[in-house]
Amino acid sequence: MAAVDQAIDSGYAAIARAALPVDTVKLARWLIGRIVVHATADGVLSGRIVETEAYPPGDAAGHAFRGRTPRNSTLFEEPGHAYVYLAYGLSFMLNVSSEPAGVGAGVLIRALEPLEGIAAMRRRRGVQALRDLARGPGRLTAALAIDRSLDGVDLCRPGPLWLAHGPADVPDIGQGPRIGLSWEVERPLRFHVRNNRFVSGPKALNR
DNA sequence: AGTGCGATTGACT
DNA sequence: GTCAATCGCACTA
């Protein structure tokens, strides 16, 4: 059975685009607790989103701020597309486009709680500690085998990479300033599951 | 055509 | 706590 079908059978039905809030900040909060699924030739890799950051329209810290270019083009797609780029020459970042077509904005996925394919993630990352597999935006893309070849993929369709609903329980969500920016640092656009050990950043920010 | 740097990570003092 | 690695791409000329 193909990995995609297998993943759907195991409960990873894709989230419909109509279910996504069409607002970057609302989407950033809404994505907490949802699941990222990547069906690879080696099997399904998945994780629950525990940390996000919003990069809304007009945000000077956002990649879309200076207009549409070949690199950031996916940010201007309909909501629910994967914008993947390389940061610092070594880490890929996974974002979800978040505004109507033509408007450039997105949500950065910053941390996942590993769910399926943990052995493969350990192999890919070269670390054993479960907590460190996907705690950080560059780490989670390494763990889930996400790179630029997945830029532009529709996350609202099953395969190869998509979003699925999580468990029914509603996580306790905290909100604070974004991490790693020299601009716009004062706005509370980072969301995280409170006191969750899979969230990145200093402990003081995660309560 | 050349230059500077980033939504980070991992190794090291 | 500090700091180098590493490269695609946007910006300047």
Side-chain angles (χ1 to χ4, degrees), chain A residues 23-32 36 47 49-77 79-99 103-114 121-153 155 161 163 174-193 197-206:
Chain A
D23 173 276
T24 305
V25 179
K26 283 180 185 155
L27 180 66
R29 172 182 279 270
W30 188 89
L31 283 174
I32 299 287
V36 177
I49 299 171
V50 294
E51 181 183 356
T52 62
E53 281 177 0
Y55 289 85
D59 178 6
H63 282 190
F65 184 64
R66 290 167 199 278
R68 191 168 189 161
T69 67
R71 177 174 71 149
N72 67 22
S73 183
T74 306
L75 285 176
F76 295 79
E77 300 283 328
H81 286 80
Y83 167 50
V84 182
Y85 72 91
L86 181 63
Y88 298 102
L90 40 85
S91 301
F92 291 103
M93 305 282 130
L94 172 64
N95 301 256
V96 181
S97 65
S98 55
E99 298 280 341
V103 181
V107 174
L108 171 69
I109 310 298
R110 282 196 59 93
L112 299 177
E113 174 181 345
M121 293 185 199
R122 288 197 162 111
R123 216 177 312 124
R124 295 189 52 79
R125 291 268 297 113
V127 289
Q128 286 303 303
L130 183 64
R131 183 167 112 96
D132 294 334
L133 290 181
R135 183 171 53 90
R139 290 168 175 173
L140 76 88
T141 54
L144 268 69
I146 294 167
D147 61 24
R148 269 235 103 190
S149 70
L150 293 167
D151 180 56
V153 163
L155 297 170
L161 183 69
L163 291 168
Q175 182 174 0
R178 293 177 294 183
I179 292 177
L181 300 183
S182 44
W183 294 73
E184 304 272 6
V185 287
E186 73 286 354
R187 300 168 70 186
L189 296 178
R190 173 175 175 264
F191 298 91
H192 63 275
V193 178
R197 70 194 191 104
F198 297 101
V199 172
S200 77
K203 196 162 128 188
L205 292 179
N206 295 331

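Remember, predicted model here, so these are calculated numbers, not experimental data. Just so it is clear: chains get the letters A, B, ... in the order the sequence lines come, proteins before strands, and each one is counted from 1.
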Ring-on-base stacking between A/Tyr85 and C/dG8, under 5.5 Å between centres and under 30° between planes: is it there? no

In whole angstrom, what separates A/Leu86's CG from B/dT9's C1'? 12 Å

Less than 4.0 angstrom between a side-chain N/O of A/Arg139 and OP1 or OP2 of B/dT8, yes or no? no

Between A/Arg148 and A/Leu90, which residue's closest nucleotide on DNA chain C lies nearer the 5′ terminus? A/Leu90

Protein-nucleotide distance (A/His63, atom NE2; B/dG6, atom P), rounded to Å: 10 Å

Rounded to whole angstrom units, what separation is found between the CD1 atom of A/Ile109 and the P atom of B/dT8? 14 Å

Considering just the side-chain nitrogens and oxygens of A/Arg110, establish if one lies under 4.0 Å of OP1 or OP2 belonging to B/dT8. yes

What nucleic acid atoms does A/Ala87 come within less than 4.0 Å of, heavy atoms only: base, sugar-phosphate, or nothing? nothing

Can you identify which nucleotide, out of B/dT9, B/dA7, C/dG8, has its nearest atom closest to the A/Asn95 side chain? B/dA7

Closest-nucleotide mapping onto DNA chain B: is A/Arg125 or A/Gly180 further toward the 5' terminus? I mean the 5' end. A/Gly180

Looking at every non-hydrogen atom in both residues, tell me the closest pair between A/Phe198 and A/Arg131 and how far apart they are. CE2-CA, 3.7 Å

Minimum-distance nucleotide to A/Tyr88 side chain [options: B/dT8, C/dG8, B/dA7]: B/dT8

Are side-chain heavy atoms of A/Leu31 and A/Leu163 found at a separation under 4.5 Å? yes

What is the distance from CE of A/Met93 to C1' of C/dT6, rounded to the nearest Å? 13 Å

Within less than 4.0 Å of OP1 or OP2 of B/dT9, is there a side-chain N or O belonging to A/Ser91? no

Give the rounded distance in Å between these two atoms: CG of A/Asn72 and C1' of B/dA7. 13 Å

Is it the case that more than 12 heavy atoms not belonging to A/Arg66 sit under 6.0 Å from its CZ atom? no

Looking at A/Glu77 and A/Arg68, is any side-chain nitrogen of the basic one under 4.0 Å from a carboxylate oxygen of the acidic one? yes

How about A/Asn206 and A/Arg190: does a side-chain donor come under 3.5 Å of a side-chain acceptor? yes

When both hydrogen-bonding distances must be under 3.5 Å and the geometry is Watson-Crick or G-U wobble, what is C/dT6 paired with, if anything? none

For the pair made of CD in A/Glu51 and P in B/dT8, what is the distance, rounded to whole Å? 10 Å

Taking the minimum atom-to-atom distance to the side chain of A/Arg66, which one of C/dC9, C/dC11, B/dA7 wins? C/dC11

Which residues pass the side chain to side chain contact (heavy atoms under 4.5 Å, CB included) test with A/Ala111, sequence neighbours left out? A/Val50, A/Glu51

Using the C1' atoms only, state how far C/dG1 lies from B/dA7, rounded to an integer number of Å. 23 Å

Suppose we define a pair by two distances each less than 3.5 Å, Watson-Crick or G-U wobble; what does B/dA7 pair with here? none

Euclidean distance, atom CG of residue A/Leu181 to atom P of B/dT8 [Å, nearest integer]: 7 Å

Measure from CZ on A/Arg135 to C1' on B/dA7 and round the result to the nearest Å. 17 Å

